[in-house]
Amino acid sequence: MPPRISVFPKYQFDELVAGELSFEQWIRDAAMLGGEGIEHYDGFFRSLTPAGVDPILRAMEETGQVTSMICFSPDFTHPDREERLRQVERQKAAIDLTARLGARHCRTLSGQRFPGLTREHGVARTLEGIRRSLEYAERHDVVLCMENHYKDGTWRYPEFAQPEDIFLEIIEQIDSPYFGVQYDPSNAFVGGFDPVKFLEKVRHRVVTMHASDRYLAPGATLADLAIGDGATGYASALKHGETGKGLNDYDAIFRLLAEVGFSGWISVEAGLNGLDEIARSAEFLKRKRAQYFGIS
(Lines give C-alpha, C1' and ligand atoms only; values in the text may rest on other atoms or scores of the structure.)
Protein backbone atom coordinates (compact mmCIF):
# COMPACT_ATOMS: atom_id res chain seq x y z
CA MET A 1 0.00 0.00 0.00
CA PRO A 2 1.37 3.47 -0.87
CA PRO A 3 1.47 6.23 1.75
CA ARG A 4 -1.69 8.23 2.41
CA ILE A 5 -1.98 11.96 3.07
CA SER A 6 -3.43 13.30 6.30
CA VAL A 7 -4.15 16.83 7.54
CA PHE A 8 -3.60 18.45 10.93
CA PRO A 9 -4.81 21.88 12.21
CA LYS A 10 -1.41 23.33 13.06
CA TYR A 11 -2.68 26.84 12.45
CA GLN A 12 -5.41 26.51 15.12
CA PHE A 13 -3.57 24.30 17.61
CA ASP A 14 -3.63 26.66 20.60
CA GLU A 15 -7.26 27.67 20.11
CA LEU A 16 -8.41 24.05 19.79
CA VAL A 17 -6.51 22.99 22.92
CA ALA A 18 -8.02 25.92 24.85
CA GLY A 19 -11.51 25.04 23.63
CA GLU A 20 -11.89 28.43 21.99
CA LEU A 21 -12.65 26.80 18.63
CA SER A 22 -14.91 23.86 17.88
CA PHE A 23 -13.08 20.63 17.14
CA GLU A 24 -16.21 19.31 15.42
CA GLN A 25 -16.15 22.31 13.09
CA TRP A 26 -12.51 21.64 12.25
CA ILE A 27 -13.47 18.06 11.32
CA ARG A 28 -16.07 19.42 8.89
CA ASP A 29 -13.65 22.01 7.48
CA ALA A 30 -11.00 19.32 6.98
CA ALA A 31 -13.29 17.37 4.65
CA MET A 32 -12.71 20.09 2.03
CA LEU A 33 -8.89 20.08 2.15
CA GLY A 34 -8.06 17.06 0.01
CA GLY A 35 -6.63 14.87 2.75
CA GLU A 36 -7.27 11.15 3.00
CA GLY A 37 -7.29 11.18 6.79
CA ILE A 38 -7.16 13.46 9.82
CA GLU A 39 -4.54 13.47 12.56
CA HIS A 40 -5.90 14.23 16.01
CA TYR A 41 -4.17 15.66 19.09
CA ASP A 42 -5.53 14.25 22.34
CA GLY A 43 -5.77 17.77 23.79
CA PHE A 44 -8.38 18.72 21.18
CA PHE A 45 -10.91 16.46 22.92
CA ARG A 46 -12.77 18.00 25.83
CA SER A 47 -12.47 14.60 27.52
CA LEU A 48 -11.50 11.06 26.52
CA THR A 49 -14.80 9.69 27.84
CA PRO A 50 -17.56 8.66 25.40
CA ALA A 51 -19.14 12.09 25.91
CA GLY A 52 -15.99 13.73 24.56
CA VAL A 53 -15.09 11.22 21.85
CA ASP A 54 -18.42 10.11 20.38
CA PRO A 55 -19.34 13.51 18.85
CA ILE A 56 -16.01 13.52 17.01
CA LEU A 57 -16.59 9.98 15.79
CA ARG A 58 -20.00 11.00 14.48
CA ALA A 59 -18.54 14.05 12.69
CA MET A 60 -15.88 11.83 11.11
CA GLU A 61 -18.50 9.33 9.94
CA GLU A 62 -20.83 12.03 8.64
CA THR A 63 -18.05 13.56 6.54
CA GLY A 64 -16.67 10.20 5.39
CA GLN A 65 -13.24 10.71 6.96
CA VAL A 66 -10.86 8.41 8.84
CA THR A 67 -8.35 8.97 11.62
CA SER A 68 -4.73 8.67 10.53
CA MET A 69 -3.00 8.82 13.91
CA ILE A 70 -3.10 10.34 17.37
CA CYS A 71 -0.57 13.03 18.23
CA PHE A 72 0.36 12.65 21.90
CA SER A 73 3.08 14.16 24.09
CA PRO A 74 4.11 12.17 27.18
CA ASP A 75 6.61 13.70 29.58
CA PHE A 76 8.59 10.61 30.56
CA THR A 77 11.63 12.59 31.74
CA HIS A 78 9.85 14.41 34.56
CA PRO A 79 11.95 14.57 37.76
CA ASP A 80 9.14 13.14 39.92
CA ARG A 81 8.70 9.36 39.62
CA GLU A 82 4.99 9.48 40.47
CA GLU A 83 4.47 11.97 37.69
CA ARG A 84 6.39 9.74 35.28
CA LEU A 85 4.06 6.87 36.15
CA ARG A 86 1.10 9.17 35.55
CA GLN A 87 2.52 9.94 32.13
CA VAL A 88 2.51 6.23 31.34
CA GLU A 89 -1.18 6.13 32.24
CA ARG A 90 -1.75 9.14 29.97
CA GLN A 91 0.01 7.32 27.14
CA LYS A 92 -2.20 4.28 27.74
CA ALA A 93 -5.28 6.52 27.52
CA ALA A 94 -3.97 7.87 24.21
CA ILE A 95 -3.54 4.30 23.00
CA ASP A 96 -7.15 3.60 23.95
CA LEU A 97 -8.21 6.70 22.02
CA THR A 98 -6.23 5.54 19.00
CA ALA A 99 -8.00 2.19 18.98
CA ARG A 100 -11.39 3.80 19.64
CA LEU A 101 -10.96 6.00 16.55
CA GLY A 102 -9.92 3.08 14.38
CA ALA A 103 -6.29 4.17 13.92
CA ARG A 104 -3.09 2.16 14.36
CA HIS A 105 -0.46 4.78 15.21
CA CYS A 106 -0.02 6.85 18.34
CA ARG A 107 2.84 9.27 18.79
CA THR A 108 5.19 9.09 21.73
CA LEU A 109 8.08 11.30 22.85
CA SER A 110 10.83 11.37 25.45
CA GLY A 111 9.82 14.35 27.56
CA GLN A 112 11.14 17.75 28.47
CA ARG A 113 14.79 18.72 28.76
CA PHE A 114 14.51 19.71 32.41
CA PRO A 115 17.35 21.78 33.92
CA GLY A 116 19.93 19.48 35.47
CA LEU A 117 18.68 16.36 33.69
CA THR A 118 21.66 14.21 32.70
CA ARG A 119 21.79 12.26 29.47
CA GLU A 120 22.00 8.98 31.36
CA HIS A 121 18.90 9.67 33.45
CA GLY A 122 16.97 11.14 30.53
CA VAL A 123 17.59 8.10 28.35
CA ALA A 124 16.77 5.69 31.17
CA ARG A 125 13.51 7.47 32.05
CA THR A 126 12.45 7.60 28.42
CA LEU A 127 13.12 3.91 27.88
CA GLU A 128 11.21 2.99 31.02
CA GLY A 129 8.19 5.07 30.02
CA ILE A 130 8.08 3.80 26.46
CA ARG A 131 8.59 0.16 27.45
CA ARG A 132 5.81 0.32 30.04
CA SER A 133 3.52 1.89 27.44
CA LEU A 134 4.59 -0.50 24.70
CA GLU A 135 3.33 -3.53 26.60
CA TYR A 136 -0.12 -1.94 26.61
CA ALA A 137 0.12 -0.87 22.94
CA GLU A 138 0.94 -4.41 21.84
CA ARG A 139 -2.18 -5.77 23.57
CA HIS A 140 -4.30 -3.19 21.74
CA ASP A 141 -2.62 -3.61 18.33
CA VAL A 142 -1.41 0.00 18.32
CA VAL A 143 2.01 1.11 17.08
CA LEU A 144 3.86 3.75 19.11
CA CYS A 145 5.84 6.10 16.87
CA MET A 146 8.51 8.28 18.43
CA GLU A 147 8.99 11.64 16.75
CA ASN A 148 12.22 13.56 16.36
CA HIS A 149 10.51 16.44 18.04
CA TYR A 150 11.13 20.02 19.11
CA LYS A 151 8.68 20.91 21.85
CA ASP A 152 5.03 20.29 22.63
CA GLY A 153 3.01 23.48 22.55
CA THR A 154 2.06 23.07 26.22
CA TRP A 155 5.61 22.40 27.50
CA ARG A 156 8.02 24.82 29.15
CA TYR A 157 11.24 23.15 27.96
CA PRO A 158 12.28 21.64 24.60
CA GLU A 159 12.38 17.91 23.90
CA PHE A 160 15.06 15.91 25.72
CA ALA A 161 15.66 13.70 22.67
CA GLN A 162 15.80 16.61 20.23
CA PRO A 163 19.53 16.03 19.48
CA GLU A 164 19.99 13.39 16.79
CA ASP A 165 22.45 11.28 18.78
CA ILE A 166 20.17 11.05 21.83
CA PHE A 167 17.15 10.17 19.68
CA LEU A 168 19.12 7.40 17.96
CA GLU A 169 20.46 6.09 21.26
CA ILE A 170 16.90 5.63 22.51
CA ILE A 171 15.29 4.02 19.47
CA GLU A 172 18.20 1.63 18.97
CA GLN A 173 17.37 0.07 22.34
CA ILE A 174 13.72 -0.65 21.48
CA ASP A 175 13.05 -3.64 19.23
CA SER A 176 9.36 -4.29 18.66
CA PRO A 177 7.02 -4.45 15.65
CA TYR A 178 4.79 -2.11 17.66
CA PHE A 179 7.39 0.65 17.82
CA GLY A 180 8.68 2.88 15.05
CA VAL A 181 9.74 6.40 14.12
CA GLN A 182 7.59 9.37 13.25
CA TYR A 183 9.84 11.39 10.98
CA ASP A 184 9.62 15.18 10.84
CA PRO A 185 12.17 16.76 8.48
CA SER A 186 11.56 20.29 9.74
CA ASN A 187 12.30 19.29 13.32
CA ALA A 188 15.70 18.06 12.16
CA PHE A 189 16.46 21.58 10.94
CA VAL A 190 15.27 22.96 14.27
CA GLY A 191 17.62 20.57 16.06
CA GLY A 192 20.54 21.66 13.90
CA PHE A 193 21.04 18.46 11.88
CA ASP A 194 20.40 17.43 8.28
CA PRO A 195 16.90 16.00 7.64
CA VAL A 196 17.92 13.81 4.69
CA LYS A 197 21.02 12.35 6.35
CA PHE A 198 18.91 11.68 9.43
CA LEU A 199 16.27 9.91 7.34
CA GLU A 200 18.96 7.71 5.80
CA LYS A 201 19.71 6.44 9.32
CA VAL A 202 16.10 5.76 10.37
CA ARG A 203 14.17 5.14 7.13
CA HIS A 204 13.75 1.41 7.76
CA ARG A 205 11.96 2.26 11.01
CA VAL A 206 9.77 5.16 9.83
CA VAL A 207 6.06 4.32 10.17
CA THR A 208 4.51 7.81 10.03
CA MET A 209 5.65 11.27 8.98
CA HIS A 210 4.88 14.93 9.62
CA ALA A 211 5.21 16.93 6.41
CA SER A 212 5.83 20.49 7.46
CA ASP A 213 8.21 23.00 5.98
CA ARG A 214 10.30 25.82 7.30
CA TYR A 215 11.90 28.91 5.83
CA LEU A 216 14.53 31.17 7.29
CA ALA A 217 13.38 34.39 8.88
CA PRO A 218 14.86 37.60 7.39
CA GLY A 219 18.47 37.95 8.48
CA ALA A 220 18.74 34.38 9.78
CA THR A 221 21.11 31.71 8.43
CA LEU A 222 21.44 27.95 8.79
CA ALA A 223 24.53 28.63 10.88
CA ASP A 224 22.26 30.24 13.47
CA LEU A 225 20.53 26.89 13.93
CA ALA A 226 23.79 25.03 14.37
CA ILE A 227 24.82 27.19 17.30
CA GLY A 228 21.38 27.53 18.85
CA ASP A 229 19.73 25.30 21.43
CA GLY A 230 16.67 24.47 19.38
CA ALA A 231 14.37 26.61 21.47
CA THR A 232 15.86 29.79 20.09
CA GLY A 233 16.07 28.46 16.55
CA TYR A 234 12.44 27.42 16.44
CA ALA A 235 11.15 30.72 17.74
CA SER A 236 13.18 33.15 15.70
CA ALA A 237 15.34 31.69 12.92
CA LEU A 238 12.76 29.34 11.40
CA LYS A 239 9.16 30.03 10.41
CA HIS A 240 6.36 27.66 9.37
CA GLY A 241 5.39 27.73 5.73
CA GLU A 242 3.62 25.88 2.96
CA THR A 243 4.84 22.32 2.49
CA GLY A 244 7.13 22.12 -0.50
CA LYS A 245 8.17 25.77 -0.51
CA GLY A 246 10.68 25.79 2.33
CA LEU A 247 14.05 24.27 3.20
CA ASN A 248 13.12 20.59 3.00
CA ASP A 249 14.27 18.52 0.02
CA TYR A 250 11.09 16.53 -0.57
CA ASP A 251 12.48 14.84 -3.68
CA ALA A 252 15.26 13.29 -1.61
CA ILE A 253 12.82 12.46 1.19
CA PHE A 254 10.29 10.73 -1.06
CA ARG A 255 13.01 8.87 -2.93
CA LEU A 256 14.37 7.41 0.31
CA LEU A 257 10.90 6.49 1.57
CA ALA A 258 10.01 4.84 -1.73
CA GLU A 259 13.21 2.77 -1.63
CA VAL A 260 12.09 1.12 1.62
CA GLY A 261 8.44 0.77 0.57
CA PHE A 262 7.08 3.21 3.14
CA SER A 263 3.31 2.74 3.44
CA GLY A 264 2.33 4.88 6.44
CA TRP A 265 0.55 8.19 6.84
CA ILE A 266 2.12 11.50 5.83
CA SER A 267 0.44 14.25 7.82
CA VAL A 268 0.46 17.87 6.64
CA GLU A 269 1.53 20.40 9.25
CA ALA A 270 0.80 23.73 7.59
CA GLY A 271 -1.93 26.33 7.41
CA LEU A 272 -0.60 29.20 9.46
CA ASN A 273 -1.60 31.36 6.50
CA GLY A 274 -5.06 29.83 6.11
CA LEU A 275 -6.87 26.63 5.16
CA ASP A 276 -5.90 27.01 1.50
CA GLU A 277 -2.27 26.48 2.53
CA ILE A 278 -3.17 23.06 3.92
CA ALA A 279 -4.99 22.14 0.72
CA ARG A 280 -2.04 23.22 -1.45
CA SER A 281 0.35 21.30 0.81
CA ALA A 282 -1.76 18.15 0.48
CA GLU A 283 -1.78 18.49 -3.31
CA PHE A 284 2.00 18.95 -3.35
CA LEU A 285 2.44 15.73 -1.38
CA LYS A 286 0.11 13.85 -3.70
CA ARG A 287 2.21 14.95 -6.67
CA LYS A 288 5.37 13.69 -4.96
CA ARG A 289 3.62 10.42 -4.13
CA ALA A 290 2.65 10.00 -7.78
CA GLN A 291 6.20 10.76 -8.86
CA TYR A 292 7.95 8.36 -6.50
CA PHE A 293 5.32 5.75 -5.65
CA GLY A 294 3.45 5.69 -8.97
CA ILE A 295 0.03 6.55 -7.56
CA SER A 296 -1.84 9.89 -7.46
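Positions are given from 1 along the sequence. These numbers were taken from a predicted model, which means no experiment stands behind them.
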May I ask you to decide whether [X] forms a salt bridge with [Y], counting only side-chain N to carboxylate O separations under 4.0 Å?
{"X": "Glu89", "Y": "Arg86", "answer": "no"}
{"X": "Glu164", "Y": "Lys197", "answer": "no"}
{"X": "Arg81", "Y": "Glu128", "answer": "yes"}
{"X": "Arg28", "Y": "Glu62", "answer": "yes"}
{"X": "Arg139", "Y": "Glu135", "answer": "no"}
{"X": "Glu39", "Y": "Arg107", "answer": "no"}

Enclosure of Glu120 CD (heavy-atom neighbours >12, cutoff 6.0 Å): no
Glu83 vs Gln87, side-chain hydrogen bond (donor to acceptor under 3.5 Å, both in side chains): CA-CA, chis, key distance, verdict: CA-CA 6 Å; Glu83 179 58 27; Gln87 294 296 317; 2.7 Å; yes
Atom pair CG (Leu199) and CZ (Arg205), whose distance is rounded to the nearest 0.5 Å: 14.0 Å
Approximate separation, where rounding is to 0.5 Å, of Glu242 CD and Glu277 CD: 5.5 Å
Aromatic plane relationship, Phe8 with Phe13 - under 30° parallel, 30 to 60° tilted, over 60° perpendicular: tilted
The single option from Thr208, Asn187, Thr108 passing side chain to side chain donor-acceptor pair (under 3.5 Å) against Glu147: Asn187
Validation row: [X], [Y] side chains within 4.5 angstrom (heavy atoms):
{"X": "Gln182", "Y": "Val143", "answer": "no"}
{"X": "Phe23", "Y": "Pro55", "answer": "no"}
{"X": "Ile266", "Y": "Phe254", "answer": "yes"}
{"X": "Leu117", "Y": "Tyr157", "answer": "no"}
{"X": "Phe179", "Y": "Ile171", "answer": "yes"}

Tyr41 and Asp152: side chain donor to acceptor below 3.5 Å: yes
Path from Leu257 to Met69 over hydrophobic side-chain contacts below 4.5 Å: no
Joint hydrophobic cluster, Met146 plus Val202, side-chain heavy atoms closer than 4.5 Å: yes
Side chain to side chain contact (heavy atoms under 4.5 Å, CB included) assessment of Ile38 paired with Trp26: CA-CA 10 Å; Ile38 297 181; Trp26 154 251; 3.9 Å; yes
